[in-house]
Number of protein chains: 4
Amino acid sequence: MTPREENHEARQEKQAAIFDAACRVIREKGFHQARMADIAREAGISYGLVYHYFGSKSELFDALVEEWFSAVEILLDRGLDRFETIEEKLGAVADFFLDQYEKRPDLVHVSITEFSRSTGNLTPDRLVRFKRLLSKVEEVIRQAQDQGSIRPDIKARYQTYVFLGAVDSLLSTMVLENQPLKGQAQRQRLAQAILTIFFDGARPKSG
Amino acid sequence: MTPREENHEARQEKQAAIFDAACRVIREKGFHQARMADIAREAGISYGLVYHYFGSKSELFDALVEEWFSAVEILLDRGLDRFETIEEKLGAVADFFLDQYEKRPDLVHVSITEFSRSTGNLTPDRLVRFKRLLSKVEEVIRQAQDQGSIRPDIKARYQTYVFLGAVDSLLSTMVLENQPLKGQAQRQRLAQAILTIFFDGARPKSG
Amino acid sequence: MTPREENHEARQEKQAAIFDAACRVIREKGFHQARMADIAREAGISYGLVYHYFGSKSELFDALVEEWFSAVEILLDRGLDRFETIEEKLGAVADFFLDQYEKRPDLVHVSITEFSRSTGNLTPDRLVRFKRLLSKVEEVIRQAQDQGSIRPDIKARYQTYVFLGAVDSLLSTMVLENQPLKGQAQRQRLAQAILTIFFDGARPKSG
Amino acid sequence: MTPREENHEARQEKQAAIFDAACRVIREKGFHQARMADIAREAGISYGLVYHYFGSKSELFDALVEEWFSAVEILLDRGLDRFETIEEKLGAVADFFLDQYEKRPDLVHVSITEFSRSTGNLTPDRLVRFKRLLSKVEEVIRQAQDQGSIRPDIKARYQTYVFLGAVDSLLSTMVLENQPLKGQAQRQRLAQAILTIFFDGARPKSG
DNA sequence: GATGAATGAGTGTTCATTCAT
DNA sequence: AATGAATGAACACTCATTCAT
């Protein structure tokens with residue numbers, strides 16, 4: 001490893017430490033209540049050093065947004081095509097969110113409490129990226145309608161609301177109550193519950 | 001009408017005007033970006049007068065929260081019992097939110113973007129009120145399970161996520177895209193779509 | 001009594017009520033902490049009415065100052081000449097302050113805590129009036145020196161500090177501890193103690 | 001000197017500079033009229049920096065109060081015991097105040113005009129510290145009464161009023177008239193005058 | 001006279017950002 | 001790179017004063 005590479009790597013690490021600290025602080029206090037001083041203290045570095053790695057508070061926030069949306073976009077761009085059935089595809093979507101929450105609860109917390117709804121933080125640019133998720137799921141559902149595996153009498157958009165709303169509600173509740181999520185088994189149980197209702201409905205099987 | 005009553009009424013009106021102005025400004029810019037000066041200007045009154053009617057910015061915000069939650073609580077406490085079937089009850093819930101959005105889009109907007117998820121604004125007290133909605137719907141669903149009108153093999157809590165998540169997603173999307181909602185017909189179509197998926201599922205009827 | 005006189009009298013009474021209220025409130029909270037609203041409430045009248053009787057807060061304060069200094073000036077101008085001896089004259093001065101404190105403790109309180117020392121309130125104009133007291137006592141003492149009834153080897157000005165300082169300390173202590181003063185007997189005991197020390201000194205009579 | 005010590009020392013110096021600036025500004029305009037901006041300008045630093053060193057305006061004021069009372073308390077606790085006679089002890093008290101006024105006229109000015117009498121600024125806590133001075137002098141005088149060096153027929157408390165009142169009046173006058181005090185000779189003349197009157201009285205020696 | 005709503009200048013405090021070392 | 005002192009714009013809140021009724 002060249003000195004240059006070492007240097008670069010050290011930089012990456014420190015940046016990641018600040019990033020994580022920001023996640024924790026913003027999760028705890030919200031974006032507006034989170035002060036740069038809090039983040040520096042949480043990261044164990046000096047006040048001014050944050051500005052060496054992130055040009056401003058909003059740039060630091062942008063990095064969180066970017067981290068989140070890029071993960072979502074990888075899912076949307078490359079994570080669904082390998083599945084055949086709509087059940088698998090939507091299962092992969094649900095899995096993705098639950099998996100993210102297990103691995104990076106702070107980031108998911110922040111994504112839910114700070115950027116997915118807040119007027120102040122949801123810039124037009126971010127809104128566009130947010131809507132891509134809706135559009136992609138809608139598209140997947142519409143294709144399934146074409147193939148006859150999803151009912152055609154309800155607009156794909158509405159079916160999207162039901163499905164993504166369920167995932168979002170579940171995550172939101174866990175986030176707001178600070179419930180941790182542990183293990184694939186639990187994840188699958190949750191995903192299964194949502195998928196079952198979504199596909200088969202809440203009405204008991206008659207007979 | 002006595003002078004005292006007139007006075008009182010005038011006070012109510014002015015307070016409502018400030019309330020509405022606050023709604024619009026907070027909807028537009030978010031709570032933290034909304035300056036008291038903006039609200040005063042929007043209400044067409046002087047800076048200091050806001051403080052005649054609301055003791056502080058956070059008290060003004062509390063009033064919005066109160067207005068919203070008290071409407072929700074009326075629904076929860078008195079709005080569902082007169083219905084017999086689970087379909088009617090959940091239909092009433094969906095109707096309520098769509099109706100509120102039609103009548104008071106600013107307040108609903110603020111409720112979604114500012115207090116239902118934001119860590120900074122969601123005080124423990126508000127979280128409790130927020131969770132009452134979840135609990136009530138869960139209770140209604142559990143009763144329906146007991147009566148055999150909702151499938152018993154999925155926890156009521158998960159079914160609640162699906163139903164309320166659908167409503168929330170729908171509203172959130174309309175709110176974030178500033179889509180107006182007009183007329184009972186449109187409301188019913190939306191509610192019907194959600195209820196149909198929720199009860200019957202997305203899977204096409206086989207055969 | 002003509003209607004005009006009645007009117008005038010009513011005005012006087014109301015003004016006096018506001019004056020007294022101001023005394024009490026300013027005594028309680030200090031001039032800067034005393035709000036016009038507090039004074040109006042204490043006087044049992046409406047907010048704006050204070051401005052019918054006193055043009056501004058500082059005018060109201062001026063009225064208190066005036067009331068106090070005019071009493072002092074009556075003492076200085078007409079209250080001492082009828083006495084012959086220096087003992088009687090200084091006794092009259094001590095008596096005056098103790099008597100005022102008994103009769104109008106609020107006004108004396110305010111005079112001590114708000115205008116005799118406070119930089120912010122002691123305008124040049126008021127300082128001049130304040131110094132007249134010092135000068136008058138100094139003059140009285142100097143005359144006594146000339147007549148051989150006060151020792152000549154210490155500047156009259158310094159003797160003035162001792163005498164007035166003693167009176168001021170006594171009053172200040174009573175004021176700061178909210179001690180009431182009741183009856184001529186108590187007044188005379190206090191005055192006597194101060195005069196005895198002042199004239200005869202603290203040293204025990206040798207032999 | 002280690003870097004850390006240098007740093008610490010620099011901090012102390014800057015803090016002292018702000019302290020002194022606050023003294024001057026508060027002396028000039030009074031506590032309430034003194035704006036933080038004035039103090040910053042007087043100290044030659046930026047607005048916000050004052051808050052780096054003192055958390056709030058009232059904390060800054062507290063620092064002045066503390067500085068003054070701690071000096072007084074050193075006198076009371078350790079400054080009088082080494083003297084034998086009551087003349088020496090009270091002389092030390094008078095000397096102390098005159099010495100402080102010569103060395104730190106601004107602080108003494110502020111102590112007289114802002115915290116020794118003002119209702120608004122004299123918190124219960126400060127009142128207690130203020131009364132310790134009275135109590136200590138009273139105690140010293142009482143001991144002298146027991147030893148026969150102060151007349152026993154007048155309450156020690158009243159004799160305290162005469163002595164401290166004299167010192168206070170002298171200082172107050174100098175402060176209100178902005179008279180500087182220079183040199184030990186002048187100090188001694190003033191102290192001597194007060195002590196002479198206090199001990200021997202104003203009455204000329206008969207015979 | 002009497003009321004209290006209305007006005008807006010003034011100020012303490014916060015905190016993102018910059019900069020000297 | 002690293003530190004933390006320094007800067008100053010921004011903003012909530014107060015309250016003396018005015019004014020319409």
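Throughout, a chain's letter reflects where its sequence line sits, starting with A, and its residues are numbered from 1.
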Tell me: [atom1] of [X] to [atom2] of [N], nearest whole Å?
{"X": "Phe54(B)", "N": "dA12(F)", "atom1": "CZ", "atom2": "C1'", "value": "16 Å"}
{"X": "His52(C)", "N": "dA2(E)", "atom1": "NE2", "atom2": "P", "value": "8 Å"}
{"X": "Ile18(A)", "N": "dT3(F)", "atom1": "CD1", "atom2": "C1'", "value": "13 Å"}
{"X": "Leu60(A)", "N": "dC15(E)", "atom1": "CG", "atom2": "P", "value": "16 Å"}
{"X": "Lys29(D)", "N": "dG10(E)", "atom1": "NZ", "atom2": "P", "value": "13 Å"}
{"X": "Gln15(C)", "N": "dG1(E)", "atom1": "CD", "atom2": "C1'", "value": "14 Å"}
{"X": "Arg41(B)", "N": "dT7(E)", "atom1": "CZ", "atom2": "C1'", "value": "15 Å"}
{"X": "Lys14(D)", "N": "dA6(F)", "atom1": "NZ", "atom2": "C1'", "value": "8 Å"}

Between [X] and [Y], does at least one N-O distance fall below 4.0 Å, as a salt bridge requires?
{"X": "Arg129(A)", "Y": "Glu66(A)", "answer": "yes"}
{"X": "Glu42(C)", "Y": "Arg35(C)", "answer": "no"}
{"X": "Arg24(C)", "Y": "Asp38(C)", "answer": "no"}

- request: Applying side chain to side chain contact (heavy atoms under 4.5 Å, CB included), run through Asp106(B) and Ile26(B) and close with a yes or a no.
  value: CA-CA 9 Å; Asp106(B) 292 323; Ile26(B) 293 175; over 6 Å; no
message: So which atom in Ala21(B) and which in Ile39(B) form the shortest heavy-atom distance, rounded to 0.1 Å?
response: CB-O, 3.8 Å
Tabulated below should be each protein N or O lying under 3.5 Å from an N or O of nucleotides 15-19 of chain F; please produce it.
residue: dA16(F); atom: OP1; partner: Lys57(C); partner atom: NZ; Å: 3.4
residue: dA16(F); atom: OP2; partner: Met36(C); partner atom: N; Å: 2.9
residue: dT17(F); atom: OP2; partner: Tyr51(C); partner atom: OH; Å: 3.4
residue: dT17(F); atom: OP2; partner: Lys57(C); partner atom: N; Å: 2.8
residue: dT17(F); atom: O4; partner: Tyr47(C); partner atom: OH; Å: 3.4

- request: Go through the steps for Arg117(C) and Glu114(D) under the test salt bridge (Lys or Arg N to Asp or Glu O under 4.0 Å), then give the verdict.
  value: CA-CA 8 Å; Arg117(C) 308 275 156 109; Glu114(D) 298 299 319; over 6 Å; no
- request: Carefully, step by step, assess Lys57(D) and Phe31(D) under the rule side chain to side chain contact (heavy atoms under 4.5 Å, CB included).
  value: CA-CA 9 Å; Lys57(D) 189 180 178 186; Phe31(D) 177 67; 3.7 Å; yes
query: Who are the side-chain contact (heavy atoms from CB on, under 4.5 Å) partners of Ser116(A), not counting sequence neighbours?
result: Phe130(A)
- prompt: Where the side chain of Ile45(A) is concerned, which of dT3(F), dA6(F), dA5(E) is the nearest nucleotide?
  reply: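 Nearest listed nucleotide: dT3(F).
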field: Aromatic plane relationship, Phe115(A) with Phe61(A) - under 30° parallel, 30 to 60° tilted, over 60° perpendicular
entry: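 Ring orientation of Phe61(A) relative to Phe115(A): perpendicular.
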message: Report for the helix from dA2(E)-dT21(F) to dT21(E)-dA2(F): angle between first-end and last-end helix axes, five pairs each, rounded to 10 degrees.
response: 10°
field: 5′-ward residue of the pair Ser46(C)/Gly44(B) relative to DNA chain E
entry: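 Going by which nucleotide is closer to the 5' end, it is Ser46(C).
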